[in-house]
Protein chains: 2
Amino acid sequence: MARTAVTNHIRRLRQERTGMTQEALAQTCQVTRQTIIALEAGRYAPSLELAFRIAHALGAPLAEVFEWDPASAA
Amino acid sequence: MARTAVTNHIRRLRQERTGMTQEALAQTCQVTRQTIIALEAGRYAPSLELAFRIAHALGAPLAEVFEWDPASAA
DNA sequence: CCGGCATGTAAAGAAAGTTTGACATCGCTC
DNA sequence: GAGCGATGTCAAACTTTCTTTACATGCCGG
C-alpha cells in the first residue's frame, strides 16, 4: 500500500555519530547492504526488530532514529 | 529469522491502562483482531509502523510497550 | 589513466507480517 | 440452557520486508 508513515535519520546518524559505511552498518545489524540502502532511501520501513538493532548500532534510542507521523496514518 | 527477540506488554497495558478489548484496540490501530491476538501471544513482532500505532493507542512510549533483548540477537 | 572503495539500481524469490473467514470455548446474564 | 461478548485456533491468501546476484557510477590515490 503505501509509502510508510515512518521516516528515519539513519544516514545522518551513521555518518555523524559513527562514521561507518553502509556495509559496516549492515554487518553490525546482520542484514545486507541492500537493506540499509533501501531504508536510507525511505523505500520501506524496517521490522521492529531491525529498528532496534539499527538504533543500537547507531548508539541512539529508537525514537531518535525513527519518527512516526500519526497524521499520515489516518 | 526465527522466533523474534522482541517481547511486548500489549495485553497488560491494554487491560490496565485502557480497558479496551482486543477488538477495540485492533480498530484503533487499523489492523484485524487476529493481528492483536498473534502479537499478544508473541507469535511474531509487529512492523515498526504498527508498533508506533499500538504504543500510541496504549498511551505509552514505544520502548515501554516493546522490549528488545540484544543478547538473543547474536 | 587504473584500481579500489563507497554508493546506487534492478529484479527474482524467500521470509515475515497481515488479512480473511470459519469455527470453538468460557463466563455471564436473562 | 439459550444468547452474547470476549478470547482463541486454524489455515489459506496476500502484502511488505529482506536476500541474493549482478552490474553502474563517482571519487580519490598512486
Side-chain angles (χ1 to χ4, degrees), chain A residues 1-59 62-63 65-70 72-74, chain B residues 1-58 62-63 65-74:
Chain A
M1 307 226 160
R3 250 164 107 55
T4 189
V6 177
T7 57
N8 72 76
H9 304 292
I10 297 177
R11 178 180 297 258
R12 179 168 58 73
L13 293 171
R14 171 174 65 83
Q15 294 174 333
E16 294 182 358
R17 299 181 55 145
T18 75
M20 277 177 153
T21 78
Q22 291 177 334
E23 175 74 30
L25 176 58
Q27 285 176 8
T28 303
C29 299
Q30 301 179 120
V31 293
T32 63
R33 191 169 62 87
Q34 281 313 308
T35 299
I36 300 299
I37 289 174
L39 294 178
E40 288 192 353
R43 282 200 256 282
Y44 52 72
S47 66
L48 178 57
E49 181 166 358
L50 179 51
F52 270 118
R53 290 210 294 263
I54 291 174
H56 183 69
L58 296 178
L62 193 150
V65 182
F66 301 94
E67 281 176 23
W68 174 65
D69 179 11
S72 70
Chain B
M1 298 179 174
R3 245 176 107 13
T4 185
V6 177
T7 57
N8 72 77
H9 305 293
I10 297 178
R11 177 179 297 258
R12 179 168 59 70
L13 293 170
R14 170 173 66 82
Q15 294 173 334
E16 294 180 359
R17 299 182 58 146
T18 75
M20 277 178 154
T21 77
Q22 291 178 333
E23 176 74 31
L25 176 59
Q27 286 176 8
T28 302
C29 299
Q30 301 180 118
V31 293
T32 63
R33 191 168 62 86
Q34 280 313 309
T35 300
I36 301 299
I37 290 173
L39 294 177
E40 288 193 353
R43 283 199 255 285
Y44 52 73
S47 65
L48 178 58
E49 182 167 357
L50 179 51
F52 271 118
R53 289 208 294 263
I54 291 174
H56 183 69
L58 295 178
L62 194 151
V65 183
F66 301 94
E67 281 175 22
W68 174 64
D69 179 10
S72 70

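Hydrogens, waters and symmetry mates play no part in the numbers below; they use all other heavy atoms, side chains included. Chain letters run A, B, ... following the sequence lines, proteins first and then strands; every chain starts at 1.
At the phosphate of D/dT7, OP1 or OP2 sits under 4.0 Å from a side-chain N or O atom of B/R14. Residue A/R33 places no side-chain N or O under 4.0 Å from the OP1 or OP2 atom of D/dA22.
In this structure, A/Y44 places its OH atom 13 Å from C1' of C/dA11, rounding to the nearest Å. At whole-Å resolution of the value, CD in B/Q27 and P in D/dA6 are 11 Å apart. Computed from coordinates, the A/I37 CD1 to D/dT25 P distance equals 16 Å when rounded to whole Å. We find that CE of A/M20 is positioned 17 Å from C1' of C/dC5, with the value rounded to whole Å. Atom-to-atom, CD of B/E23 to C1' of C/dG21 comes out at 14 Å; the value is rounded to the nearest Å. The distance from atom CZ of A/R53 to atom P of D/dT17 is 15 Å, rounded to the nearest whole Å. Residue B/Q15 contributes atom CD, which lies 15 Å from atom C1' of D/dG5 at whole-angstrom precision. Rounded to whole Å, atom C1' of C/dT7 lies 13 Å from atom CD1 of A/I36.
Between B/W68 and A/H56, the ring-plane angle classifies as perpendicular under the 30° and 60° cut-offs.
Here the shortest heavy-atom pairing between A/T18 and A/A57 reads CG2-O, 4.1 Å. Shortest non-hydrogen contact noted between B/L58 and B/R17 is O-NE, 3.8 Å.
Between A/F52 and A/L62 there is a side-chain heavy-atom pair separated by less than 4.5 Å.
Nearest nucleotide to the B/S47 side chain, out of C/dT19, C/dT7, C/dG17: C/dG17. Of the candidate nucleotides C/dT18, D/dT7, D/dT9, D/dT9 has the atom nearest to the side chain of B/R43. Ranking D/dC18, C/dT18, C/dG21 by closeness to the B/Q34 side chain, first place goes to C/dG21. Distance from the side chain of A/E40 is smallest to C/dG8 among C/dT18, D/dC18, C/dG8. Taking the side chain of B/A45 as heavy atoms from C-beta on, and the options C/dG17, C/dG8, D/dT7, the nearest nucleotide is C/dG17.
Within the nucleic acid shown, B/T35 comes within 4.0 Å of at least one base atom, counting heavy atoms only. Nucleic acid contact for B/A38: none, since no nucleic acid atom lies under 4.0 Å from a heavy atom of the residue.
Sequence order on DNA chain C of the closest nucleotides to B/V31 and A/Q22 puts A/Q22 first from the 5' end.
Residue A/H9 places its NE2 atom among more than 12 non-hydrogen atoms of other residues, nucleotides or ligands, all under 6.0 Å distant.
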